[in-house]
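First the proteins, then the strands, lettered A, B, ... as listed; each starts at 1. Worth saying up front: this structure is predicted, and the values here are computed from it rather than measured.
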Amino acid sequence: MPPEYVGLRGDRRVASRPCSSRDECGRPAELELGRAVAFAYPSAPRERTFLMIKILAARFAAAFSAVAGHPFDPAVRVSQFSDFQANGALALARQLGRPPREVAAAVVAHLDLAGIADEVSVAGPGYINVNMAAGFLAASAAALLGDARLGVQERAGERVVVDYSGPNVAKELHVGHLRSTVIGDATARTLEWLGHDVVRANHLGDWGTPFGLLIEHLLDLGETAAAHDLSVGDLDAFYVAARAKFDADPAFADRARSRVVALQSGDPETLRLWRLLVAESERSFLAVYATLGVTLSPADFQGESFYNPMLAPLVSELDGLGLLRPSEGAQCVFPQGFSIPLIVRKRDGGFGYPATDLAAIRYRTQELKADRLVYVVGSPQHQHFEMVFQTAREAGWLAEPARAEHIGFGQILGADGRKLASRSGDTVKLAALLTEAVDRAARIVAAKNPELDPAEQAAVAYAVGVGAVKYADLAGDRIKDYVFDWDRMLSTTGDTAAYLQYTYARIQSVLRRSEESASGVSAVEGPLLLDSSAERALALALLGFADVVEEVAETLQFHKLTGYLQSVAGAFTAFYDSCPILRAPSPEVRASRLGLSRLTARVLRQGLDLVGIVTPDRM
RNA sequence: GCGCCCGUAGCUCAGCGGAUAGAGCAGCUGCCUUCUAAGCAGUUGGCCGCAGGUUCGAAUCCUGCCGGGCGCACCA
């Protein structure tokens, strides 16, 4: 087999590559192709924010710097002993050589929290505990209720390119693409909502030697028949058939090889056939994206072929910069800090993915003027991206303030602790996985709420099923592997999407009833009253939304958002359990509790929307 | 051989320099003539892989081991 027939390009977004030639599969790699605010507190102008911790941190910072004589981090955190605590006094004490409690007391003496906190105390070795004033929480929560953005300030707008999903043309989306697609879409949604200018980049594997045999197979079938086969959705079967012919029929293999040459030299007819394959694949991808509720559109497809014309000039440019060094017949860059080369041009003259990735960086920073490049690709490719980024820096294509990040993630494992595969050992197709998710959810919905009419049951099953899959993918630290477990992800209790969706649906139910009982007129919101501990705790939880969203936008650790939403839902259900809303003791309390409910619903809905999970109104 | 990641309750996971290590599931106790019990409240359960070190203070930082996963030049 000629070396150029080694494998499909692309699939770089797959968490782990298909079997390599020396792994447990014991099969050569070339046989593996088919698998594979402003805070509106009274008298506070717009520069304040809703963020409790930021408000406190600012006040504490003033007090700390008064004591320290210079700026000092107050280390304000959420506390289990009070609402918040500042831990900075311990570190400052060491610096000043004074007893920590004494320093803490000095800080408290300089602290101005009038109207914000009604209880400040020094505890333990020198922690400063703060309990917020109920009036302040109430006013803050009321302001949140009146803020369409729930306290999250809109950003000035960086241009961010989010590179995710990246399936291979002529192969179907499979579990290996799930995490990149889900995490990438959550990234795009979140950054976009924050006000950034997000460019979604679906870096398809749409170029390479395999297209020789694919195109010849297509010609054998006839374009019409081939298009039919492809549109039926079984792209993998099309590839497998082509591959089988290539292996069995030398004449076919020769045609395939010359077809590759024709493709690479730009033969118009060959390019037309190639586009046909690409177009059919894209239709297949879009169908799965639609089911998944992923925001990728045809405009976001920007495959490897897009960069083809840029590759030769790019290598020349690297040469001109003196970064290129021949090694064993290949053109290489040896980025600083790495002992192995980045092969930019292969010995046979072809370009590999490092060249394409470099071209993409240069295009994205220079043409798209991107400030931030996010690559949502499995963690095995960490070193590759570090090398590419370093090379781009040395070439001047990735210069401050622009930054590139590899957002890696672990594998999805089966119950056996090994990479998830179907019973027969094949990769699991995404379309089939989602169908099963919805089917399983449908059974649960039918059992839990048979009163819903069939259409609504189906809609709920869809939201719950797909939500479960996405949530399971996002709820853990993305760097770790996780075990794919239907029972756990579809559990109606616990840390699941269904629990959040159910909480949301319950709130909607109450709100619907409130409108009925108010004879169609929505009640005017009164001031919020936080008299019970449950109401207070709920308000406090709701006020944390902006903090979490901002952190997630920076770290892209979506499990922090899902964990936060769980705490909000938990605070709500505790409140729901102990505080009658519609039958509240007075109209004022009722209005306040309805306000808290409405705010909770909005936070849950917005939070889930940021990660692409749908919230049905009934379930 | 070099490098990266992960080892926390029976299970799945948070916490990543600060007070008694948290949550969900599973187990056990309670709670529906009342707004969706797909729920809530309580409870049992942990030498935070091991050993050193840094620090007033370490699950958290450093070093070395052990265990698991994954990379390491013409596949993408």
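You'll find the ring centres of A:F572 and A:F575 inside the 6.0 Å limit.
Residue A:R513 has a polar side-chain atom (N or O) positioned under 4.0 Å from OP1 or OP2 of B:U36. For A:S491, no side-chain nitrogen or oxygen approaches OP1 or OP2 of B:C25 to under 4.0 Å. Taking 4.0 angstrom as the limit, A:Y576 places none of its side-chain polar atoms (N or O) nearer than this to OP1 or OP2 of B:U34. The side chain of A:K480 places no N or O atom within less than 4.0 Å of a non-bridging phosphate oxygen (OP1 or OP2) of B:U12. Phosphate contact (OP1/OP2 of B:C70, side-chain N/O of A:K419, threshold under 4.0 Å): absent. Close to B:G15, at under 4.0 Å from its OP1 or OP2, lies a side-chain N or O of A:H559. The phosphate of B:C70 (OP1 or OP2) has no side-chain N or O of A:S379 nearer than 4.0 angstrom.
Nucleotide B:G7 has B:C66 as its partner under the Watson-Crick or G-U criteria, with both atom distances under 3.5 Å. Taking a pair to require two hydrogen-bonding distances under 3.5 Å in either a Watson-Crick or a G-U wobble arrangement, B:C40 pairs with B:G30. Here B:C35 sits opposite no nucleotide as a Watson-Crick or G-U wobble pair (both hydrogen-bonding atom distances under 3.5 Å).
Look at the C1' atom in both B:G46 and B:A59: the space between them is 11 Å, to the nearest Å. For B:A9 and B:A14, the P atoms lie 12 Å apart once the distance is rounded to whole Å. The separation of B:U54 from B:U63, taken at their P atoms, amounts to 15 Å, rounded to a whole angstrom. Taking atom P on both B:C50 and B:U8, the two are 10 Å apart, rounded to the nearest angstrom. Nucleotides B:A23 and B:G15, compared at atom P, are 15 Å apart to the nearest Å. Taking the P atoms as reference points, B:C40 lies 8 Å from B:C25, given to the whole Å. Taking atom C1' in both B:A19 and B:A26, the straight-line distance is 31 Å, to the nearest Å.
If you check every strand for non-hydrogen atoms under 4.0 Å, A:A123 touches a base. Nucleic acid contact class of A:T493 (heavy atoms, under 4.0 Å, all strands): sugar-phosphate only. If you check every strand for non-hydrogen atoms under 4.0 Å, A:A498 touches nothing. Within the nucleic acid shown, A:V483 comes within 4.0 Å of sugar-phosphate atoms alone, with no base atom in reach, counting heavy atoms only. A:F81 comes within 4.0 angstrom of a nucleotide base, judged by non-hydrogen atoms across all strands. Across all strands, A:E328 comes closer than 4.0 Å to base atoms (heavy-atom distances). When heavy atoms are screened at a 4.0 angstrom cut-off, A:G476 is found touching the sugar-phosphate backbone but no base atom. Contact annotation for A:D485: no contact, since no heavy-atom pair falls under 4.0 Å across all strands. Within 4.0 Å of A:Y482, counting heavy atoms only, lie sugar-phosphate atoms of the nucleic acid but no base atom. Residue-level contact check: A:A91 touches the bases, meaning some heavy atom is under 4.0 Å from a base atom.
Within the 4.5 Å cutoff, the side chain of A:Q508 has no heavy atoms near those of the A:V510 side chain.
On a pure distance criterion of 3.5 Å, a polar donor-acceptor pair joins the side chain of A:Q85 and the base of B:A19. If you check distances only, the side chain of A:D487 never reaches the base of B:A26 with a donor-acceptor pair under 3.5 Å.
Closest to the side chain of A:R94, from the set B:A19, B:G15, B:C56, is B:C56. The side chain of A:N129 lies closest to B:A19 when the candidates are B:A41, B:A19, B:G39. The listed nucleotides are B:A14, B:A38, B:C35; the one nearest the side chain of A:D477 is B:A14. Distance from the side chain of A:Y499 is smallest to B:C40 among B:A38, B:C6, B:C40. Of the candidates B:A73, B:A38, B:G39, the closest approach to any side-chain atom of A:R506 belongs to B:G39. For A:S327, whose side chain is taken as the heavy atoms from C-beta onward, the closest listed nucleotide among B:U36, B:A73, B:C40 is B:A73. In this structure, the nucleotide among B:A14, B:G39, B:U12 sitting nearest to the side chain of A:R488 is B:U12. Distances were taken from every side-chain heavy atom of A:R618 (C-beta onward) to each of B:A73, B:U36, B:C70; the shortest belongs to B:U36.
Two residues, A:I581 and A:A569, neighbour RNA chain B, and the one matched to the more 5' nucleotide by heavy-atom proximity is A:I581. Mapping A:Q80 and A:P580 onto RNA chain B by nearest heavy atom places A:Q80 closer to the 5' end of the strand.
Taking the six-membered ring for Trp and thresholds of 30 and 60 degrees, A:F211 and A:W274 have ring planes more than 60 degrees apart, a perpendicular arrangement. Ring geometry for A:Y375 versus A:F389: interplanar angle of 30 to 60°, hence tilted.
The minimum heavy-atom distance between A:S165 and A:H177, with the atom names listed, is O-CD2, 3.7 Å.
Classification of B:C62 as anti follows from a glycosidic angle more than 90° from 0.
Between the side chains of A:Y576 and A:R506, no donor N or O sits under 3.5 Å from an acceptor N or O.
Ion pairing between A:D617 and A:R512 fails under the 4.0 Å rule for side-chain N and carboxylate O.
Geometric assessment of A:R478 against the ring of A:F558 yields a negative cation-pi assignment under the 6.0 Å and 45° thresholds.
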